[in-house]
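Please read the structure below before turning to the comments.
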Amino acid sequence: MCAHVLVAEDDEKQAELIRRSLLAEGHTATVVHDGAAALDAARRLRPDLVVLDLMLPVLDGFGVCRALRGGAEQPDIPVVMLTARSGEDDLLLGLDVGADDYLTKPYSPRELMARIRTVLRRSGRGVGARGEDPVVRAAGISVDPVRHEVRCDGAPVECTPAEFQILLAMAGEPERVFTRRQLLQCTRGFDRASTERAVDVHIMNLRRKIEPDPRRPVRLLTVFGVGYKLTGGRP
């Protein structure tokens, strides 16, 4: 069973360890480091499961879980909560706000992966469980998160991990305008030292790969003063 997992963990080393463990299990992963980014990514990317640290900046894990459970977009998205707190009150509160499972730090990556498998199987989510086509398509571009492949008009396109995550997000919501900050969040875990200006470099490189004429883009467009969008139809 392959799933797209959103990892919300402010400890970058821990987040990277979780991401690598997920990739080794055949999943895809998006990493964010604060609660506001977690909510934005959950609503935008519609992951199959969220690994949610309790002690997140901006908005803590309880707040994120409450917002997900109270929202109309994905009230049933499975959540595995991580915390350094071991008190019974925190455990009960985590379950009360809607977490499907609760793991106390320190934990082994193998235990976390086993918990994730159990929650995915119980929830019936993930590509293997749903039998859905995981490929997202827009503007003649297809992005396959299972095989980690990109094609443009049927031809394979070699992308860096950061470029792949940007395309995956944008192809999943064609015509949506993404800010640089939102696209930067897609690359976290790959380009941890990046700034928002690095997004411009990724966009420039992607245009060289998917545009008939990178100087006159017809697929990956600039929305001046806001950010970028991927067109919905073929150019």
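- The cationic atom of Arg180 (NZ for Lys, CZ for Arg) does not lie both less than 6.0 Å from the six-membered ring centre of Phe178 and within 45° of the ring axis.
- Expressed to the nearest 0.5 Å, how far OH of Tyr107 lies from CE of Met113 amounts to 7.5 Å.
- The only option from Val157, Leu220, Asp153, Leu230 that meets the side chain to side chain contact (heavy atoms under 4.5 Å, CB included) definition with Ile141 turns out to be Leu230.
- By the 4.0 Å N-to-carboxylate-O rule, Lys13 lies too far from Asp11 to be salt-bridged with it.
- If you chain together hydrophobic residues whose side chains sit under 4.5 Å apart, Tyr102 and Met55 fall into the same group.
- Note on Ile166 and Leu221: separate hydrophobic clusters, where clusters join Ile, Leu, Val, Met, Phe, Trp and Tyr whose side-chain heavy atoms are under 4.5 Å apart, directly or indirectly.
- Of the charged side-chain nitrogens involved, at least one lies within less than 4.0 Å of a carboxylate oxygen, so that Lys209 and Glu163 count as a salt-bridged pair.
- The cluster map of Ile, Leu, Val, Met, Phe, Trp and Tyr, joined by side-chain heavy atoms under 4.5 Å apart, puts Val136 and Leu167 in the same cluster.
- Closest heavy-atom contact between Gly154 and Arg151: O-NH1, 2.7 Å.
- In terms of heavy atoms, Ala38 sits closest to Leu6 at O-CD2, 3.5 Å.
- With salt bridges taken as basic N to acidic carboxylate O contacts below 4.0 Å, none links Arg207 and Asp213.
- The minimum heavy-atom distance between Leu23 and Thr28, with the atom names listed, is CD2-CA, 4.2 Å.
- Cluster membership for Leu103 and Val31, using ILVMFWY side-chain heavy atoms within less than 4.5 angstrom, is shared.
- Looking at Val51 and Leu82, their side chains come closer than 4.5 Å, going by heavy atoms from C-beta outward.
- Salt-bridge check for Lys105 with Asp53: passed, with a basic side-chain N closer than 4.0 Å to an acidic carboxylate O.
- Nearest heavy-atom pair, Val32 versus Ala41, reported as atom, atom and distance to 0.1 Å: CG1-CB, 4.2 Å.
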